[in-house]
Amino acid sequence: MNKKKKIQQTDKSVKITNPTKTIRKSSTTIKVKPQPKPKSRAKPGSSFQEKDEILVPTTSVSSVFLERFPILSSDFYQIEALDLAPRLLGKYLKKDDVVLQITEVEAYRPNDSACHGRFGITARTAPVFGPGGHAYVYLCYGLHMMLNVVADKEGVGAAVLIRSCAPVSGLETIQQRRGLKSEKPVLLTGPGKVGQALGLSTEWSNHPLFTPGGLEVLDGPEPEKIVVGPRVGIEYASPEHVNALWRFAIAGSPWISAPKNTLRPP
DNA sequence: GAAAAGATTAAA
DNA sequence: TTAATCTTTTCC
């Protein structure tokens, strides 16, 4: 059917109600939350009290990464999502004392019937249309925080979903946030798990990833081989976009979400 | 103003 | 296979 005509990117007639933009800043010191209940997530808006936190000096682990893998600049992201997605593989996500290596991603693009930007600019999706290099975090199924990296230039509605990561440091914090004492792929294979491990809420949406503090993306080793496949969980989209091979993963990595049997060499 | 659906996960 | 859980978007 003809469902493809309204997907055009909207003009300025759309009103943009400003999303809640309380960008939380965290210092370079490592924060350890003593409160032990990873089950009930803290309600957005009530950031955990500063006084309840135990501040620990930055460890050598972070210094090593900052030295060898510097934070990526804004320029890195100003390309189309299909190019940015595979380039994000192997890069590092850093927040608090947690460092994750990106192992699986999906590209979402303009004129893409699976992209959140398909309805134009809204309060939720405004960051997607902003300049590349910012986070787009949204609540999925009322439960899961999904982290995207906004791609391309301002005005273009494109982003890359982070589907899976491998743990690099901060394993205890990851396990505590996940409520799971495992080192196996079940810990971080899935977009909801990544968001939970990083301690994200929708307040982190639109957070710049190219400036020090809070959530950052650091440079990392380029993977030797990459596999591609159709994106996951978008059955509502048009066949053309359901079948598009816009899912990318590091070949051979165990840190990849299901289904794995749809991934092939490009 | 009401209702359906969702870029998922964990447990039965 | 299904419940959990709630915001966003659409429909009347």
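FYI, side chains are in, hydrogens and waters are out, and symmetry mates aren't considered; it's all heavy atoms of this structure. Below, read A as the first sequence line, B as the second, and so on, with proteins coming before strands; counting in each chain starts at 1.
Between the P atom of C:dT9 and the CG atom of A:L139 lies a distance of 12 Å, rounded to the nearest Å. If you measure from atom CZ of A:F119 to atom C1' of C:dT7, you get 14 Å, rounded to the nearest angstrom. In this structure, A:M146 places its CE atom 14 Å from C1' of B:dA5, rounding to the nearest Å. Here the P atom of nucleotide B:dA10 and the NZ atom of A:K184 are 15 Å apart, to the nearest Å. When rounded to the nearest whole Å, the span between CZ of A:R118 and P of C:dT9 equals 9 Å. Straight-line distance from the CG atom of A:L200 to the P atom of B:dT9: 14 Å, rounded to whole Å. At whole-Å resolution of the value, CG in A:L161 and P in B:dG6 are 16 Å apart. In this structure, A:R178 atom CZ and B:dT8 atom P are separated by 14 Å, rounded to whole Å.
Note: A:Y77 and A:F210 have tilted aromatic rings, judged against thresholds of 30 and 60 degrees for the angle between ring planes.
Mapping A:K193 and A:V232 onto DNA chain B by nearest heavy atom places A:V232 closer to the 5' end of the strand.
Under a 3.5 Å cut-off, the side chain of A:S205 and the backbone N or O of A:V137 do form a donor-acceptor pair. Using modelled atom types, no side-chain atom of A:N148 and backbone atom of A:V150 make a donor-acceptor pair closer than 3.5 Å. Looking only at distances, a side-chain donor or acceptor of A:Q78 sits under 3.5 Å from a matching main-chain atom of A:G132. Counting only distance, with no hydrogens or angles, the side chain of A:R177 and the backbone of A:A197 share a donor-acceptor pair below 3.5 Å.
Distances were taken from every side-chain heavy atom of A:R124 (C-beta onward) to each of B:dA10, C:dT8, B:dT8; the shortest belongs to C:dT8. Listed candidates were B:dT9, B:dA7, C:dT9. Nearest to the side chain of A:P191 is B:dT9. Of the listed nucleotides (B:dA7, C:dT7, B:dT9), B:dA7 has the atom at the smallest distance from the side chain of A:C115. Here the nucleotide nearest the side chain of A:N148, chosen from B:dA7, C:dT10, B:dA10, is B:dA7. Listed nucleotides B:dA7, B:dT8, C:dT9 differ in distance to A:H144; the shortest reach to its side chain belongs to B:dT8.
Here A:R163 reaches the OP1 or OP2 of B:dT8: one of its side-chain N or O atoms lies under 4.0 Å away. Not one side-chain nitrogen or oxygen of A:R247 sits closer than 4.0 Å to the OP1 or OP2 atom of B:dA7. The side chain of A:Y236 contributes an N or O atom lying less than 4.0 Å from OP1 or OP2 of B:dA7. Side-chain nitrogen and oxygen atoms of A:T202 include none within less than 4.0 Å of the OP1 or OP2 phosphate oxygen of C:dT7. Put simply, A:H116 has a side-chain N or O that comes within less than 4.0 Å of OP1 or OP2 on B:dA7.
Searching all strands for a Watson-Crick or G-U wobble partner of B:dA3 with both distances below 3.5 Å returns C:dT9.
Heavy atoms only, all atoms of each residue included: A:L147 and A:L161 are closest at O-CD1, 3.5 Å.
The aromatic ring of A:Y108 stacks onto the base of B:dA7, its centre lying under 5.5 Å from the centre of the six-membered base ring with the two planes under 30° apart.
Across all strands shown, A:I234 has heavy atoms under 4.0 Å from sugar-phosphate atoms exclusively, and none from any base.
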